[in-house]
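The structure under discussion appears below in the form of structure tokens.
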Amino acid sequence: MSRTRLFGSLCALVFLVNFARVVFAPLVGEFIDAFGIREGTAGLIVTLAWLGSAAPRLPAGWALTRFTRQRVILVSGAMLTAGALGVALAPGVLALMVAAFAVGLASGVYFVAANPFIAELFPQRVGRVMGVHGMASQLSAVIAAPAVTVALWYDWRYAFYALALAAAASTLLFVALARRTELPDAGAGDTDFLGAARGEWKLIFAGVVLMGLTSFVWQGLFNFYELYMIDKGLARATARNLLTVIFAAGVPAFLVSGDLADRLPHVPYLLGIVTAFIGGVVLVVAAEGLAAVIAASVVVGFAIHMLFPAGDTYLLASLPDESRASAYAMFSAGMMSTQAAGSWVVGEAIEAGAGYDAVFLALAGGLSVLVAAYAALYRLGRVPGGAAGATRAA
């Protein structure tokens with residue numbers, strides 16, 4: 001069995017894993033109405049899904065030093081199935097929070113195992129395959145808002161019943177293909193989890209700060225995008241489907257960024273992407289009228305989704321075989337923990353009386369300072385990481 005077919009099954013799984021995380025954003029308004037809660041609590045539900053995605057990344061990284069990549073991916077698929085059923089059956093807010101956290105756990109385990117596995121399956125094309133894998137993930141984000149719109153004709157819980165069924169089927173397909181494929185042994189020497197973290201801590205820290213804080217702003221923006229657009233005077237259905245515009249802009253961004261990440265110096269490329277994202281946030285704040293809001297949404301969506309394959313390539317291509325999965329797990333845990341609180345912080349700020357425009361402009365200003373600091377450090381040669389072409393041969 002070719003590695004390409006196995007990669008296809010991973011693309012199916014990442015589609016479902018990401019859908020399980022982003023589908024909470026277009027449901028924020030429904031949670032407020034259905035459970036009688038306010039913005040802060042609704043934001044906490046979303047934050048719990050992303051905190052859940054952060055929480056298992058260190059344990060999963062340790063597990064990868066003891067178990068095969070494919071076995072850990074199997075566990076993530078089983079967790080996703082159970083978590084989706086939990087959301088669908090949740091009778092109240094507390095149960096919904098627990099189930100949202102469980103769904104997040106599944107995604108955290110998946111990404112820590114799958115991303116190094118993919119880099120090892122195709123060591124000469126890390127950026128490109130990460131771009132394709134990310135595009136598959138992004139397609140689920142594109143259909144999240146329309147799927148919620150359709151589900152709301154009946155009951156929003158139906159979306160999670162369907163997710164549980166699809167997750168079970170895709171996990172079984174992955175297991176069947178993995179058993180018939182010749183797999184790489186690039187990670188066989190990765191057996192010292194703490195040693196890998198100590199050896200690569202500068203690269204891990206650099207990635208966590210830049211990727212984590214940028215994603216923190218993104219979390220706060222997209223999880224409240226529907227309510228923000230309503231605050232700008234758009235109809236609720238239009239506001240919800242603007243999320244589709246943002247996520248659709250990200251589909252080509254993954255492919256473009258993955259290819260460029262294999263060719264360009266990593267740190268300047270990442271800083272350029274973050275700068276473009278800051279500009280997109282400012283455009284969203286300044287936009288008035290539907291046409292302007294759509295254009296700004298395309299800009300911010302394209303920019304932020306270029307970040308993810310570029311960031312993963314920066315880490316995965318710079319790390320050696322003997323520490324790749326362990327060090328990537330450490331980075332992933334730190335980055336997700338940093339970004340997860342974005343929705344909760346924004347929700348609390350809005351509930352306290354701050355305006356959306358002021359909150360998002362303040363966050364964009366903070367990112368501008370971060371970019372300037374990284375640019376200065378890079379000029380001094382103090383930012384670790386390899387240049388383009390750092391991928392290692394099989």
Rounded distance [0.5 Å steps], CD1 in Ile204 versus CG in Leu319: 7.0 Å

Output a table of donor-acceptor pairs, distance under 3.5 Å, between side-chain atoms of residues 129-137 and any protein atom two or more places apart or on a different chain; print 'none' if there are none.
from, atom 1, to, atom 2, distance (Å)
His133, NE2, Tyr110, OH, 2.9
Ser137, OG, Asn18, ND2, 3.2

Gap separating the CZ atom of Arg324 from the CD atom of Glu120, nearest 0.5 angstrom: 5.5 Å

Nearest atoms (heavy-atom pairs only) where Val28 meets Ala42: CG1-CB, 3.8 Å

Over 12 non-hydrogen atoms of neighbours within 6.0 angstrom of CZ in Arg236: yes

Partners meeting side-chain hydrogen bond (donor to acceptor under 3.5 Å, both in side chains) with Ser297 (sequence neighbours left out): Tyr225

Taking every non-hydrogen atom, the tightest pair across Leu270 and Ala310: CD2-CB, 3.7 Å

Pairwise distance CD1(Ile278) to CG(Leu361) - rounded to 0.5 angstrom: 12.0 Å

Side chain proximity check, Ser9 to Leu6, heavy atoms < 4.5 angstrom: yes

Pairwise ring pair (Phe, Tyr, Trp, His ring centres under 6.0 Å) hits with a residue in residues 336-382, at least two apart: Tyr228-Tyr356, Tyr228-Phe360

Donor-acceptor under 3.5 Å (Ser257 side chain, Phe254 main chain): no

Qualifying residues under side-chain hydrogen bond (donor to acceptor under 3.5 Å, both in side chains), relative to Ser107, sequence neighbours excluded: Ser53

Check against side chain to side chain contact (heavy atoms under 4.5 Å, CB included), Leu221 and Val281: CA-CA 8 Å; Leu221 179 66; Val281 174; 4.3 Å; yes

Plane angle bin for His305 and Phe247 - parallel if under 30°, tilted between 30 and 60°, otherwise perpendicular: perpendicular

Heavy-atom neighbours of Arg157 CZ exceed 12 at 6.0 Å: yes

side-chain hydrogen bond (donor to acceptor under 3.5 Å, both in side chains) involving Trp218 - partner list, sequence neighbours excluded: none

Val103 to Ala84 - nearest heavy-atom pair and separation: CG2-N, 3.8 Å

Derivation and outcome, ring-ring contact (aromatic ring centres under 6.0 Å, His included), residues Phe160 and Phe24: CA-CA 11 Å; Phe160 289 93; Phe24 287 96; 5.7 Å; yes

Those residues that, when tested against Asp259, pass salt bridge (Lys or Arg N to Asp or Glu O under 4.0 Å) (two or more places apart): Arg128

Proximity of Phe7 and Phe117 rings by center, below 6.0 Å: no

From CA spacing to verdict: side chain to side chain contact (heavy atoms under 4.5 Å, CB included), Thr47, Phe101: CA-CA 9 Å; Thr47 288; Phe101 187 76; over 6 Å; no

Gap between atom CG of Leu10 and atom CG of Leu177 - 0.5 Å precision: 9.0 Å

